[in-house]
Amino acid sequence: MKNELVIEQLTQIADLLEIIGESVYKIRAYRKAVDSLQQTAEDIEVIVQEKRVKELPGIGDAIGEKIKEIVVNGKTTYLDKLTQEIPVEVTSLMKVEGIGGKTAGRLYKELGIKSITGLEEAIENGLLAKLSGFTEKKIAKITRALTFVKSERRPLFKMIPIALNLKKFLEGIDLIQSVEIGGSIRRRKSTIRDIDLHAIGKEKDFEQIMDIFSQMDDVEDIVVKGPLKTTVKLMTGINVDLRVLEEHSNGSGLIHSTGSRNHTVKLRTIADRNNLLLNEYGLFDGEGKTLIASETEEEVYKAMGMSYIPPDIREDRGEIELAQKNSLPDLINLEDIKADFHVHTNWSDGKSVIHEMADAAAERNYEYIIITDHFGKNPIYKPMNEEKLTKQRKAIEQIAQSSSVEILQGVECDILKDGSLSISNKLMKDLDFVIASIHSIFDMPEEEMTSRIITAMDNEFVHGIGHPTGRQLGKRGGYSINFSKIIEKCIESKTFLEINAYPNRLDVDDNVVFDFKNKIEFFIGTDSHQHQQLKNMGYGLNIARRAWCEKKNILNTLTSKELLRKLD
DNA sequence: GCCGTTTTCGGCCCGACTGTTTTCAGTCG
């Protein structure tokens, strides 16, 4: 897939336009196009071939042509032209916090600085200090920013506890009435860059609140500090934003802090079109004098003529237009989940025994559970063989007699290098559910990897593909596969894709589910290796909800009878 | 450069913080 290449080049164009001082609207258009592509799981080559590029929001004639050029030639002449004026490396300066296009442009034009190293040298040899406007204070700020590694996106499950600790700390301050976690954590994105906090207090206390916040133990640096908004960098390198408001602005402030940026921009645009003004303080009449709504999010959305939009789907992907028509999807909930489809026990590499898993499922009010221990030859997973499989079946039958949840027997088998499986057809035939997953040889070219998985799906006894991309958040990206082709095969072979809810996997990504949920169905598996991990179903649900899934899109909402009938 | 509940042309979200700015540009979210 050439999606990454297109995104990279359009971003470079936007950066370069910023450096040469082009119209902010033109720059915004390129950034919007990048956003749009980042939300697409489909192969851009396929989109170009089918002449659907301009159907993507924010992409018109000009950018559409450039995308086509990049897909066909690997580059666009427009970028070539821009780089004749400004070398593309100069855009790397904009990665430094506080340096934008204007500053990067001056650094290059006036001092010939092209890179971070060049900038460091110019600071050291005093060249930067000779530039007008680069006072000691400003240089000190840049120097500090240079010591920080650009903060990376981290898995949601690692950020939630950090955010909760901060929330707890702030809630312990008398001057603060309440604290909410906003931003991408509240929207439940799979990976998170910054932590956004929204606090309520009295205006007279704002400065003191910010003093306490910026003096917390694990603050490494204060990035910006004002009475209304403060950003600190923690020693872990994570940026934390705190926005403080008075209680009457709670709803509008929370909408602002939660984002996404594109969602709030769209809301404000609509408000403006209706002669209203929306900001973090509330929804006002056009003059900004009369307050219309602000106390709760529900009130603000309602006053905007919309139904309440859950945080998970605030991404400007059409949810606002649907909310205006009161026809948002009826998002799937935890109560709709009747089973966990991917569970390991001590029959392979799991830590819990079957009945512990069944009990944990019962506690979650599931109707059934599918035990899917490893089957194959890879000793890492202590896999089962034919003999163990037969014994396990007897064990399951026995435990099921005293269990309040139904226990189905499945396996997770390996997709071998050539697409064949680590289990025979004869054995699969008697199993309720077969997940086939890739557990070895990850670095295959896209085409080979895609046909490897497609070969596995061709096996009539395979029901689902486990953790389809193999990504491990914060460790490795997924292997290269072509989703457009995989989905086609899913439809043809009636195979389902997993939403793997193991917190460091979250695989597939919500973009994939969003794009293809009306073509195929998905199942959520926690891939639990001990009974406490069944609670990770929530992470799988986050993905499904972000992808606008309703009950009908997710197999876990079926009863066991309905499921088995469907698999037949 | 994109886009259309008034518009195929004329708009394009809104506000906080920083620096040295005596009224604003740059950057960020």
Side-chain angles (χ1 to χ4, degrees), chain A residues 10 13-14 17-19 21-36 53-67 78 93-107 132-142 144-145 151 182-184 193-198 206-207 210 214 222-232 239-245 249 252-253 255-284 286 288 304-305 316 320-321 324-325:
Chain A
L10 293 185
I13 289 174
L17 291 176
E18 214 164 319
I19 291 170
E22 252 290 359
S23 138
V24 291
Y25 302 112
K26 192 167 175 176
I27 296 160
R28 197 178 295 170
Y30 276 92
R31 302 245 184 254
K32 198 112 203 260
V34 167
D35 284 347
S36 194
V53 185
K54 281 175 65 185
E55 287 174 25
L56 294 170
I59 294 176
D61 289 326
I63 297 182
E65 280 305 313
K66 286 167 188 103
I67 291 174
Y78 185 55
L93 296 173
M94 295 168 67
K95 293 198 170 79
V96 179
E97 214 159 326
I99 297 183
K102 291 283 183 306
T103 312
R106 283 196 63 199
L107 291 173
S132 75
F134 284 80
T135 56
E136 207 175 320
K137 212 167 178 180
K138 194 163 178 178
I139 293 174
K141 198 180 169 192
I142 292 173
R144 266 188 303 142
S151 78
S184 47
R193 180 162 276 136
D194 303 329
I195 296 174
D196 292 286
L197 300 171
H198 157 93
F206 286 179
E207 289 206 39
M210 290 312 193
S214 56
I222 299 168
V223 184
V224 295
K225 181 163 178 279
L228 305 173
K229 191 180 139 180
T230 291
T231 303
V232 298
N239 275 12
V240 185
D241 287 359
L242 176 62
R243 189 74 171 86
V244 193
L245 289 161
S249 295
S252 47
I255 289 174
H256 172 80
S257 288
T258 301
S260 65
R261 172 102 62 254
N262 287 339
H263 178 88
T264 47
V265 166
K266 176 70 73 68
L267 290 180
R268 288 170 179 197
T269 307
I270 291 172
D272 187 62
R273 265 209 305 262
N274 291 303
N275 243 333
L276 303 169
L277 169 73
L278 178 65
N279 56 31
E280 46 269 64
Y281 302 103
L283 179 69
F284 302 87
M304 294 274 300
D316 188 25
I320 292 173
E321 290 77 2
Q324 286 177 311
K325 291 186 281 184

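Chain letters run A, B, ... following the sequence lines, proteins first and then strands; every chain starts at 1.
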Quiz prompt | A:Ser36 (side chain) donor-acceptor with A:Pro57 (main chain) under 3.5 angstrom | solution = yes
Quiz prompt | DNA chain B: 5'-proximal contact among A:Asp196 and A:Val224 (nearest heavy atom) | solution = A:Val224
Exercise. Mind calculating the distance between CZ (A:Phe206) and P (B:dA16) to the nearest angstrom?
Key: 11 Å
Self-check item: Inter-nucleotide C1' distance (B:dT23, B:dC17), Å rounded
Solution: 16 Å
Quiz item: Using a cut-off of 4.0 Å on non-hydrogen atoms, how would the nucleic acid contact of A:Leu277 be classed: base, sugar-phosphate, or nothing?
Solution: sugar-phosphate
Quiz prompt | Sub-4.5 Å side-chain heavy-atom contact between A:His198 and A:Leu245 | solution = yes
Quiz item: Is the CD atom of A:Glu321 crowded by more than 12 outside heavy atoms at less than 6.0 Å?
Solution: yes
Quiz item: With sugar-phosphate meaning primed atoms plus P, OP1 and OP2, does A:Lys137 contact a base, only sugar-phosphate, or nothing at under 4.0 Å between heavy atoms?
Solution: base
Quiz item: If we only count heavy atoms from C-beta on, is the A:Leu107 to A:Ile99 side-chain gap below 4.5 Å?
Solution: yes
Self-check item: Any-strand Watson-Crick or G-U partner of B:dT8, both distances under 3.5 Å
Solution: none
Quiz item: So what does A:Thr103 hit on the nucleic acid, given a heavy-atom distance under 4.0 Å: a base, only sugar-phosphate, or nothing?
Solution: sugar-phosphate
Quiz item: Within this structure, what is the CD1-to-C1' distance between A:Ile270 and B:dC13, rounded to whole angstrom?
Solution: 12 Å
Self-check item: Integer-rounded Å distance: B:dC28 C1' and A:Leu228 CG
Solution: 15 Å
Quiz item: How is A:Lys266 classified with respect to the nucleic acid when contacts are heavy atoms under 4.0 Å: base, sugar-phosphate, or nothing?
Solution: nothing
Quiz item: On a whole-Å scale, what distance lies between the C1' atoms belonging to B:dA25 and B:dT21?
Solution: 8 Å
Quiz item: Do A:Glu97 and A:Asn239 have side-chain heavy atoms sitting under 4.5 Å apart?
Solution: yes
Practice problem: Rounded to the nearest angstrom, tell me the gap between atom CE in A:Met304 and atom P in B:dC13. | Solution: 13 Å
Quiz item: In whole angstrom, what separates A:Ile139's CD1 from B:dG19's C1'?
Solution: 13 Å
Quiz prompt | Phosphate OP1/OP2 of B:dC28: any A:Thr231 side-chain N/O under 4.0 Å | solution = no
Quiz item: Which value, in whole Å, describes the distance between the P atoms of nucleotides B:dT22 and B:dC12?
Solution: 30 Å
Practice problem: Take nucleotides 1-12 of chain B nucleotide by nucleotide from the 5' end and write B, S or -, depending on whether a protein heavy atom sits under 4.0 Å from the base, only from the sugar-phosphate, or from neither. | Solution: BSS--------B
Exercise. Grab the CG-P distance between A:Leu245 and B:dC14 for me, whole Å please.
Key: 17 Å
Self-check item: Whole-Å P distance, B:dG11 and B:dT6
Solution: 15 Å
Quiz item: Do the side chains of A:Asp61 and A:Glu65 get nearer than 4.5 Å, heavy atoms only?
Solution: no
Quiz item: Atom CE of A:Met94 to atom C1' of B:dT27: distance rounded to whole Å?
Solution: 10 Å
Quiz item: Can you tell me how far P of B:dA25 sits from CZ of A:Phe134, to the nearest Å?
Solution: 17 Å
Practice problem: Determine the Euclidean distance between corresponding P atoms of B:dT20 and B:dG26; express it in Å to zero decimal places. | Solution: 14 Å
Quiz item: What is the nucleic acid contact for A:Ser257, judged by heavy atoms within less than 4.0 Å: base, sugar-phosphate only, or nothing?
Solution: nothing
Quiz item: Using atom C1' of each nucleotide, how far apart are B:dT7 and B:dT18 to the nearest Å?
Solution: 39 Å
Quiz item: Taking C-beta and beyond as the side chain, do A:Asp316 and A:Lys32 meet within less than 4.5 Å on heavy atoms?
Solution: yes
Quiz item: Hey, are A:Lys229 and A:Glu280 close enough for a salt bridge, meaning a charged N less than 4.0 Å from a carboxylate O?
Solution: no
Self-check item: Distance-only polar pair, side chains of A:Arg106 and A:Ser132, donor-acceptor under 3.5 Å
Solution: yes
Quiz item: Say you pick atom C1' in B:dG4 and the same atom in B:dT8; how far apart are they, in whole Å?
Solution: 9 Å
Quiz item: Reckon A:Gly183 touches a base, only the sugar-phosphate, or nothing at all at heavy-atom distances under 4.0 Å?
Solution: nothing
Self-check item: Residue mapping more 5' on DNA chain B - nearest nucleotide basis, A:Asn279 or A:Glu18
Solution: A:Asn279
